[in-house]
Amino acid sequence: MKSFLKQLFIFALCGFGVMLIFIISYWINDPFKVLKKYSDYSYPFVIPNRDVISTEMLVKNYPKYHYNSFIFGSSRTLAYRPSSWAKKLDERDKVFMFDASAESIYGIYTKLKFLDSRNIDIKNALIILCRDVSFLNKANHQGHLFIKDPLTSGESEFDFQATFFKAYLSPKFFFSYYAYLNTKKYKPFMAGYIENRKIRFDPVNNAITILDQEDEITNHTKRYYEVRDKLFYKRGKEQIDSVVEINNEFNYMLSEIKRILVKHKTNYKIVLSPLYEQIKFNPKDLKKLHSLFGENVYDFSGKNTFSDKVTNYYEISHYRPIVGDTILNIIYK
């Protein structure tokens, strides 16, 4: 019995030692950049949580820049450059990109509540909605790439940090992370964990620029799309979304979004994205949006001059700033 207890103690001690090594290495490397404060998040090699970057940059920079104009939405907001939008606003307006990966109505709602709770002026708002992601979640996202910053969600800081540490302990992430850290070479097995693109985040307005892809399209347009020919599948006639997304929960959040915008006397525009899939927003959802927000809703979903042109897209999920600039010209004409 004594021998068994001794072996059990040694085993427990070894297990504690291994876990301690994991904790220390996680703290030192901070791979997801959620433990320490950073002045710039550009060029990450670990795919980051965009919600965290946006929230932490806003909190850090607001005392200096006093932003009053905000862009809300998913990663599709990268098509709407703050510098382009600023040209449509007053010279003294300060623009901030307050987006998140796979941003939902819930995320936009909580961000507006956060700004309102801090008495931050919301003079202008540009809200980008997408049929395929805006209505995915009625509450906080799960997983380290999508969980909301506790500052905006109001949820547990411990659960937030535990989500990232759990992701760090995932064998696939752990191996991908240290393989890249030691070799500086991207391999296909790292997909979903290691970033294979050069992405710059503007340290003032938080704008995203995908440097490599934009440069390749600009200088080698034909080759860019020839290489990705199988990715850009053939589309038929325009489809209409058969699912009604705006249920009671989403209707409440949208009503609260409207209440906050009215409270701040916000000059706002709501854009429905022109996605490559060419699926039109459900008519009942469109009717609900128009009933709440009136002429401030601009529908570019479905089949149109933007979605028809393959060269308007980096891939089938994200459209380019050339599209965003044109849409801004239309809605602010």
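When a residue number appears, it is its place in the shown sequence, counting from 1.
Surrounding CD of E295 are at most 12 heavy atoms belonging to other residues, nucleotides or ligands under 6.0 Å away. Within 6.0 Å of atom NZ in K288, 12 or fewer heavy atoms from other residues, nucleotides or ligands are found, so the atom counts as exposed in its surroundings.
Between Y252 and N248, the closest side-chain pair of non-hydrogen atoms is not below 4.5 Å. No side-chain heavy atom of Y65 sits under 4.5 Å from any side-chain heavy atom of N205. The closest side-chain heavy-atom distance from Y225 to I217 is below 4.5 Å. Side chains of I257 and I105 form a contact here, defined as non-hydrogen atoms less than 4.5 Å apart. Residues V323 and P274 have side chains in contact (heavy-atom distance under 4.5 Å, counting atoms from C-beta outward). Side-chain contact check for I331 versus F300: some heavy-atom pair is nearer than 4.5 Å. Contact annotation: the side chain of L58 approaches that of L115 to within less than 4.5 Å [non-hydrogen atoms, C-beta and beyond].
Put simply, the side chain of E195 never gets that close to the backbone of P44: no donor and acceptor are under 3.5 Å apart. Formation of a donor-acceptor pair under 3.5 Å by the D285 side chain with backbone atoms of N282 is not found in this model. For the pair S170 (side chain) and K166 (backbone), a donor-acceptor distance under 3.5 Å is absent. Of the possible polar contacts, none joining the N68 side chain to the K123 backbone as a donor-acceptor pair under 3.5 Å is found. Remark: side-chain polar atoms of S84 are not paired, donor with acceptor, to backbone N or O of D325 under 3.5 angstrom. Proximity of a side-chain donor or acceptor of D90 to a complementary backbone N or O of R92 within less than 3.5 Å is not detected. Listed for the N206 side chain is a donor-acceptor partner under 3.5 Å among the backbone atoms of M97. Between the side chain of Q161 and the main chain of V34, a donor-acceptor pair closer than 3.5 Å is present. In this structure a side-chain-to-backbone donor-acceptor pair under 3.5 Å is missing from D215 to L211. Using a distance-only test at 3.5 Å, with no hydrogens or angles considered, a donor-acceptor pair links the side chain of N304 to the main chain of S307.
I316 and L272 fall within a single hydrophobic cluster, where Ile, Leu, Val, Met, Phe, Trp and Tyr side chains are chained together by heavy-atom contacts under 4.5 Å. Taken together through direct or relayed side-chain contacts under 4.5 Å among Ile, Leu, Val, Met, Phe, Trp and Tyr, M253 and F70 form part of one hydrophobic cluster. In the hydrophobic clustering of this structure, I147 does not group with Y41; members are Ile, Leu, Val, Met, Phe, Trp, Tyr whose side-chain heavy atoms approach within less than 4.5 Å, directly or through other members. Linking Ile, Leu, Val, Met, Phe, Trp and Tyr residues whenever their side-chain heavy atoms come within less than 4.5 Å leaves V262 and F114 in two separate clusters. The hydrophobic clustering, which links ILVMFWY residues whose side-chain heavy atoms are closer than 4.5 Å, places L151 and F160 apart.
Salt-bridge annotation for E226 and R223: absent, with no side-chain N of the basic residue lying under 4.0 Å from a carboxylate O of the acidic one. By the 4.0 Å N-to-carboxylate-O rule, D132 lies close enough to R76 to be salt-bridged with it. Salt bridge present: D241 and R131 bring a charged side-chain N and a carboxylate O closer than 4.0 Å.
A donor-acceptor contact closer than 3.5 angstrom links the side chains of Y224 and Q213. Residues D308 and Q278 bring a donor and an acceptor atom of their side chains to less than 3.5 Å of each other. Side-chain atoms of Y298 and K269 include a donor-acceptor pair closer than 3.5 Å.
Between Y38 and K60 the shortest heavy-atom distance is O-CD, 3.9 Å. Closest of all the heavy-atom pairs between S75 and H318 is OG-NE2, 2.6 Å. The two atoms that bring V310 and R235 nearest to each other are CG2-NH2, 4.4 Å, heavy atoms only. Scanning both residues, F306 and I330, for their nearest heavy atoms gives CZ-CD1, 3.9 Å.
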Which is it for K237 and K303 under the side chain to side chain contact (heavy atoms under 4.5 Å, CB included) test, yes or no, and what are the steps along the way?
-> CA-CA 8 Å; K237 295 180 180 180; K303 185 177 176 62; over 6 Å; no
Determine, stepwise, if the pair F232 / Y313 fulfils ring-ring contact (aromatic ring centres under 6.0 Å, His included).
-> CA-CA 9 Å; F232 291 97; Y313 296 86; 7.2 Å; no
Step by step, would you call L289 with D299 a side chain to side chain contact (heavy atoms under 4.5 Å, CB included)?
-> CA-CA 10 Å; L289 289 172; D299 181 19; over 6 Å; no
CA sep, side-chain torsions, deciding dist, call: N61, Y67, side chain to side chain contact (heavy atoms under 4.5 Å, CB included) | CA-CA 9 Å; N61 289 342; Y67 308 110; 3.1 Å; yes
Evaluation steps, ring-ring contact (aromatic ring centres under 6.0 Å, His included), between Y186 and F45 = CA-CA 9 Å; Y186 178 85; F45 73 87; over 10 Å; no
Take E214 and Y314 through the test side chain to side chain donor-acceptor pair (under 3.5 Å) and record every step on the way to the result.
-> CA-CA 8 Å; E214 190 62 42; Y314 291 118; 2.4 Å; yes
Step by step, work out the side chain to side chain contact (heavy atoms under 4.5 Å, CB included) result for I47 and R197.
-> CA-CA 10 Å; I47 297 176; R197 303 168 298 175; over 6 Å; no
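Taking the six-membered ring where the residue is Trp, Y168 and Y178 present perpendicular rings, their angle passing 60° and hence far from 30°. A perpendicular orientation is assigned to the rings of Y80 and Y319, their planes being inclined by more than 60° (bins at 30° and 60°). Ring pair F164/H144 is perpendicular by interplanar angle, where above 60° counts as perpendicular and below 30° as parallel. Ring planes of F135 and F250: perpendicular class, angle over 60° (limits at 30 and 60°).
Taking the centre of each ring, F22 and F174 come in below the 6.0 Å mark. Aromatic ring centres of F175 and F189 lie closer together than 6.0 Å.
Seen from the ring of Y332, K88 does not count as a face-on cation partner, given the 6.0 Å and 45° thresholds.
Applying the side-chain hydrogen bond (donor to acceptor under 3.5 Å, both in side chains) test to residues at least two apart or on different chains, the pairs with a partner in residues 100-117 are D51-K111, E103-K111, E103-K148, D116-K263, D116-H264.
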